[in-house]
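Keep in mind that the numbers below use all heavy atoms, side chains included, and drop hydrogens, waters and symmetry copies. This structure is a prediction, so every number in the text was calculated from the model and none was measured. Order of the sequence lines sets the chain letters (A, B, ...), proteins ahead of strands, with each chain counted from 1.
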Amino acid sequence: MTIYDSVKKEKREFIPQEEGKATLYVCGPTVYDDAHLGHAKSALVFDLLTRVLKANGLDVTYARNITDIDDKIIKKAMEQKKDIKEITDFYTEAFHKEMEAIGVARPDIEPKATESLEAMFELVQKLIDSKHAYRTADGDVYFDTASDSEYLTLSKRVQEEDEKQNRVESSSAKKNSADFAMWKSVKDNSLTFDSPFGAGRPGWHLECSAMIEKHLACGSNKYAVDIHGGGADLLFPHHENEAAQTRCGTNHALANYWMHNGFVNIDGEKMSKSLGNSFFLKDALKVYDGEVLRFYLLSTHYRSNFNFNEEDLTASKKRLDKIYRLKKRLFGLACGNDSTAFKEKLLEALSDDMNVSTALALIDEMISSANETLDTAGKHKELKRETMANLAYIEEVLGFGVKNPFEYFQFGLDEATKAKIDALIRQRDEAKKVKDFASSDKLRDEILACGVSIMDTPQGTFWERV
RNA sequence: GGUGCCAUCGCCAAGUGGUAAGGCCGCAGCCUGCAAAGCUGCUAUCCCCAGUUCAAAUCUGGGUGGCACCUCCA
């Protein structure tokens with residue numbers, strides 16, 4: 001399998017540190033607001049990655065954190081006069097629910113900042129002891145970027161020469177302007193945690209390094225994890241700083257491979273809280289089946305920027321529909337487990353830095369070919385078995401087509417409407433039997449008005465939500 | 001201003017040296033009572049200029065046009 005390493009800026013063959021195993025850490029959400037399409041994209045990308053790694057026979061340990069200590073959470077809690085935990089629990093649960101709706105499996109480990117404070121203290125202490133961090137008179141602890149000769153090698157940034165003269169001397173006692181806080185002392189009455197460095201809150205980057213150390217790192221390895229991932233914006237400063245903390249505070253580097261997914265834009269504009277154009281997952285899920293969203297968000301290569309628009313989403317839905325129609329055609333047949341050339345090629349495409357486009361092309365070709373054979377030789381047993389095996393593999397590796405095909409096509413319709421449609425279809429069938437086509441066509445118009453399309457087949461009349 | 005990424009059919013999107021995958025849309029046909037679904041066929045020389053090469057969408061240089069990061073952000 002090859003992975004594009006966004007630090008080395010090249011595709012590299014993936015070789016895990018421990019044979020047969022792979023460790024993966026991804027920066028998860030800060031739980032103070034609803035997840036938007038960008039969060040979905042990132043979760044989806046790394047969900048796919050774990051599936052592909054597993055399909056390649058690797059024993060994967062996947063960790064994705066929940067940041068539940070953060071200024072934005074505190075701000076929201078104060079505004080709404082709620083307890084911090086009430087806020088974080090609410091959004092954590094919402095996040096889990098929405099991720100499930102788009103077929104994202106729960107990571108093996110989901111550490112929370114509030115449950116990882118000891119690990120953070122430990123790392124800070126080590127860095128202070130080794131002179132890579134220093135305490136200020138205010139009680140803050142900063143990472144000393146000048147003490148790390150490899151600082152900025154991750155994001156390949158150049159230290160700005162004129163920064164010092166341009167910057168107004170701030171009140172903080174930082175040695176270098178690039179130094180970042182690991183522990184912030186807090187004097188007011190807001191949320192604080194007791195620590196060996198006084199009451200306060202951890203800096204943003206600290207938790208990831210600490211959690212990785214606590215849950216995934218193995219002392220003798222050269223890297224704490226095989227792969228570290230996150231959104232493209234995290235490379236700097238977040239990942240740069242995480243890497244510095246781990247490098248200087250432990251005897252290993254943070255990650256061997258770095259993966260960063262591209263952004264989701266809306267109508268060509270970056271989606272962000274400050275622009276107020278966030279598209280929340282929960283709202284999208286009201287209108288579209290979660291799997292349609294999954295398919296759409298995954299249909300473009302993970303590193304490219306993704307421009308969300310409803311037209312393309314519709315095109316994705318039509319493509320997913322084809323998988324489900326084939327499933328419908330073969331409904332009820334035993335699920336084969338044959339090894340096929342198709343499965344091999346599919347995995348090969350996905351193992352090439354997750355080339356989903358090529359994988360989808362293979363799927364479309366497989367579907368066409370299966371339908372063609374089914375059209376001409378309906379009793380072809382072997383083909384049916386093989387096709388079932390292929391469809392099962394698509395479910396496993398890509399998470400497409402996992403639902404009951406009939407239910408899939410009923411998305412968003414209430415029971416009353418479904419009953420009405422069924423009744424109309426029965427009436428139409430009666431009219432068709434006596435060749436009263438004027439009536440049957442009129443009934444069809446009524447059915448279409450319910451927002452569905454119908455299709456007559458040898459097995460009866462089926463309908464689908466348009 | 002600094003750093004980096006990208007530019008392929010109307011739209012989405014693979015392909016990174018050997019002669020342009022796939023999907024949507026459109027057109028024609030088969031099937032159908034008519035449809036729908038399914039199937040078949042048709043539709044691009046890869047932003048511009050120059051260079052390297054037997055050979056370039058793919059490499060190099062220049063240009064133009066997008067975008068991202070440098071501050072919280074997936």
Separation of A:E365 atom CD from B:A14 atom P, in whole Å?
-> 16 Å

Hey, does the side-chain of A:R325 have a donor or acceptor N/O within less than 3.5 Å of a partner on the base of B:A37?
-> no

Base, sugar-phosphate, or nothing: which does A:N309 touch, judged by heavy atoms less than 4.0 Å apart?
-> nothing

Distance, P atom - from B:C46 to B:A20, rounded to whole angstrom = 12 Å

With a 4.0 Å cut-off, would you call A:K403 and A:E395 a salt bridge?
-> no

Pick base, sugar-phosphate or nothing for A:K318, based on heavy-atom distances below 4.0 Å to the nucleic acid.
-> sugar-phosphate

Work out which heavy atom in A:I421 is nearest to a heavy atom in A:I447; give both atom names and the distance.
-> CG2-CG2, 4.2 Å

Report which part of the nucleic acid A:N305 touches: base, sugar-phosphate, or nothing (heavy-atom distance under 4.0 Å, all strands).
-> sugar-phosphate

Out of A:Y296, A:Y324, A:Y408, which residue meets the side chain to side chain donor-acceptor pair (under 3.5 Å) rule with A:E291?
-> A:Y324

Counting only non-hydrogen atoms, which of residues 391-412 of chain A are less than 4.0 Å from RNA chain B?
-> none

Report the base-pairing partner of B:U40 (Watson-Crick or G-U wobble, both distances below 3.5 angstrom), or none.
-> B:A28

Between A:V7 and A:T153 the two heavy atoms that sit nearest each other are CG1-O, 4.5 Å

Between A:K174 and A:D179, is there a donor-acceptor pair closer than 3.5 Å when you use the side chain of the first and the backbone of the second?
-> yes

Tell me what A:V264 touches on the nucleic acid: a base, only sugar-phosphate, or nothing, going by heavy atoms under 4.0 Å.
-> base

B:A14 to B:C27 separation - C1' atoms, rounded to the nearest Å | 25 Å

